[in-house]
Amino acid sequence: HSADYFDFAGCADKEAAVKLLQEAFDNGLIEKVTYDAKRALHLLTPLGIKLEALHDDVLLQAYLLDGERGNYDLLELGCSYLNSSLMADRENALAQAADITLQLCDQLNPRMSEMQVDKVYRDIELPIVPVLYDIERAGFLVDTKVLAELSVVMDAEITRLTQAIYQLAGREFNVGSPAQLGDIFEELNFEVSKRTTTGKISTSRDVLDELAEKYELPRLIIEHRELAKLKGTYVDAFPSLVNAQTGRIHTTLNQTIAATGRLSSTDPNLQNIPIRTEMGRRIRRAFIPADGCVLLSADYSQIELRLLAHVTQDPVMLESFKHNEDIHERTARAVFKARTPEELKEKRRVAKIVNFGIAYVIGPFGLAQRTGLSRHEAKKVIEDYYATYKGVKKFMDELPQQARDAGDIVRSIYGRMRRLPDLSNRNGQLRARAEREAVNMPMQGSASDIVKLAMLHVDAALKREKLHAKMILQVHDELVFEVPRDEVERTGTVVKEAMEQAIKIDVPLLVEIGLGDNWMSAKP
DNA sequence: ACGATCACGC
DNA sequence: TCCGAACGTGATCGTT
């Protein structure tokens, strides 16, 4: 095997060049090693060149060996993993890049086997590259007319709020500046205790919420911030991101960013489109299907809590999911002793917060803040929770030491690895953080394994069934498809089945399917 | 250019 | 005494 390079940009006869490249890339007998295969697909596909026999991607290899190194520049990787004598300059940068890529591949493959991340690499990360590429290329259709109208409405509302804020503040200032707002709070003699790490008065949401009980100004600031955020980040930003050729928005799905194996989305981030507030939902309604199509959203129900049951083997939680109970209701009854329907309704809300909080190893302080309970009550709730779900307690207690014994490493169920050197740090605060990250990894990491596996299975199933649905987005536990109207029913069945059977664990996986003429109404 | 702060999602 | 819930992206401010 050998590394070679070809200077396409500096090539006079592009047509002849493409033909040459095609012969090499199309040939399934010639195994290819890339640095960033998804980018290669973006370059090759528009030229009509297929990439066959993708054998390795050193970018993915480096990520799976160390998901937190942040810098995956090819030369940096070379410095880390190659003997410096092998980094000798070649005739030019292209030649050196090709050379380093192949050398890295030879170095990293044995390391992957050693660290047992070859399975997640071969079964998940490498095969999902073309699926991610297809999603990026497909794009999401956005109704820019809806956004334009929304922009006008929001602008008027922001102007109205700004004037009212000036009135209450007694003078004009930059409402968008936390520092200037802090000064105003001081001038008005608001009792503000909380400070930021740099010593300034905090104007964070929870401070505003507290002040809002007594004053009008913070209430208006909260409204202003919400609108300014939604308008600036989404409504006004999206129209310029519509691709002129396709008329659609094409995000980039980053495969080598998140420490837990999740994808991330940039330019724009389509994984944080609002849904909570009414204004937010109006933005979501601007995301629509193409003519003749419907949007289909498929959500894993409680995937992280199901994984909590699976990895902790907690008998109560396992049984609850096996009987397809509402886990929040179960918690409301078992932990909060809800008996009547009224009690159940009220306690379910808090139970839900606790259930999710557990996955992040929430403490009494955090739980109190999010539920309105006193710290004392919150402490009691957590104790009761662990008394009910004893397996969860045992897992939380034992996992950090297990991870230390494994060399400060935690893994997802598919073998994805996260290094947490701070598990052995003498600084208690850093160590506590690492312990929370350790406990969270089996859930969040395994969830991302499963969703990626599901994407592979769905992709294969749609092809096998000759369905024309296009996968157009992944949002951690949700897949979004654009589906021709006459195939909606069959597609729904195929998608649900492929996702629910993506992997066998000790609890059933449940997928909820929703259909709609926009992303909001498609949410189940 | 960069850190700090804030707010959106899961 | 301090912190206080995991993983992300990005806008804005204000300083360098």
Side-chain angles (χ1 to χ4, degrees), chain A residues 67-68 173-182 194-208 221-238 241 251-254 256-277 279-281 283-284 299-300 302-305 308 353-371 375 378-379 382 410 418 420 427-445 447-448 451 473-478 519 523:
Chain A
E68 278 167 295
F173 68 104
N174 185 345
V175 183
S177 164
Q180 292 183 36
L181 180 60
K194 225 179 125 192
R195 303 251 159 192
T196 66
T197 46
T198 49
K200 297 202 165 66
I201 291 169
S202 171
T203 67
S204 64
R205 178 58 192 266
D206 50 322
V207 171
L208 294 181
I221 297 285
I222 290 169
E223 276 188 69
H224 184 281
R225 277 193 182 164
E226 183 203 335
L227 289 176
K229 166 76 178 178
L230 297 183
K231 184 168 186 288
T233 308
Y234 307 103
V235 176
D236 290 348
F238 283 159
L241 292 165
T251 187
T252 300
L253 293 174
N254 308 296
T256 60
I257 299 286
T260 53
R262 276 187 172 188
L263 298 176
S264 80
S265 162
T266 49
D267 306 309
N269 181 355
L270 293 186
Q271 291 181 324
N272 73 343
I273 303 302
I275 194 166
R276 232 183 52 253
T277 63
M279 235 1 141
R281 290 191 281 271
I283 294 174
R284 214 167 250 252
D299 270 50
Y300 276 109
Q302 319 283 12
I303 189 166
E304 290 201 8
L305 284 174
L308 181 62
I353 296 171
V354 180
N355 279 328
F356 287 128
I358 285 304
Y360 311 136
V361 205
I362 200 171
F365 180 92
L367 184 61
Q369 196 159 358
R370 283 164 182 79
T371 56
R375 278 181 65 175
K379 187 162 172 283
I382 291 171
V410 276
R418 180 170 186 185
L420 291 165
N427 178 328
Q429 205 172 309
L430 291 179
R431 198 172 59 243
R433 186 186 171 90
E435 289 179 354
R436 289 196 301 273
E437 292 168 340
V439 167
N440 178 255
M441 174 67 183
M443 284 167 273
Q444 195 176 124
S448 57
V451 177
L473 197 60
Q474 187 249 53
V475 190
H476 309 308
D477 62 358
E478 172 191 14
W519 194 5
K523 285 293 279 183

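Owing to the predicted nature of the structure, the values given are computational and were not obtained by experimental measurement. Each chain gets a letter, A, B and so on, in the order the sequences are listed, and its residues count up from 1.
- Residue A:Asn272 is in base contact, counting any heavy-atom pair closer than 4.0 Å across all strands shown.
- Between C:dG14 and A:Gln180, a contact under 4.0 Å exists linking OP1 or OP2 to a side-chain N or O.
- Look at A:Asn174 and you'll find a side-chain N or O under 4.0 angstrom from OP1 or OP2 of C:dC13.
- A:Gln369 comes within 4.0 angstrom of no nucleic acid atom, judged by non-hydrogen atoms across all strands.
- Taking the P atom of each, B:dT5 and C:dC3 are spaced 12 Å apart, rounded to whole Å.
- In this entry C:dT16 has no Watson-Crick or G-U wobble partner, no candidate having both defining distances under 3.5 Å.
- Between the NE2 atom of A:His476 and the P atom of C:dT9 there is a distance of 9 Å, given to the nearest Å.
- When the side-chain nitrogen and oxygen atoms of A:Ser264 are compared with OP1 and OP2 of C:dT9, one or more of them lie within a distance under 4.0 Å.
- OP1 or OP2 of C:dG8 has not a single side-chain nitrogen or oxygen of A:Arg262 nearer than 4.0 Å.
- A donor-acceptor contact under 3.5 angstrom links the side-chain atoms of A:Gln444 to the base of C:dA6.
- Of the side-chain N and O atoms in A:Arg225, one or more sit less than 4.0 angstrom from OP1 or OP2 of B:dA7.
- A close approach under 4.0 Å does occur between a side-chain nitrogen or oxygen of A:Arg276 and OP1 or OP2 of B:dC8.
- Backbone-only contact: A:Ile257 has heavy atoms under 4.0 Å from sugar-phosphate atoms and none from a base.
- Partner assigned to C:dA6 is none, using Watson-Crick or G-U wobble distances below 3.5 angstrom.
- A:Thr260 and A:Asn440 share no side-chain donor-acceptor pair at under 3.5 Å.
- For C:dA6, one of the phosphate oxygens OP1 or OP2 lies less than 4.0 angstrom from a side-chain nitrogen or oxygen of A:Arg433.
- A sub-4.0 Å separation between OP1 or OP2 of C:dG14 and a side-chain N or O of A:Ser177 is present.
- Within the nucleic acid shown, A:Ala359 has no heavy atom closer than 4.0 Å to any nucleic acid atom.
- Taking only side-chain nitrogens and oxygens, A:Ser265 never comes nearer than 4.0 Å to OP1 or OP2 of C:dG8.
- Between B:dA7 and C:dC2, the two P atoms lie 24 Å apart (nearest whole Å).
- The shortest distance between the side-chain N/O atoms of A:Arg418 and the OP1/OP2 oxygens of C:dC7 is below 4.0 Å.
- At the phosphate of B:dC8, neither OP1 nor OP2 sits under 4.0 Å from any side-chain N or O atom of A:Thr233.
- One P atom belongs to C:dT1, the other to B:dC6, and the distance between them is 25 Å to the nearest Å.
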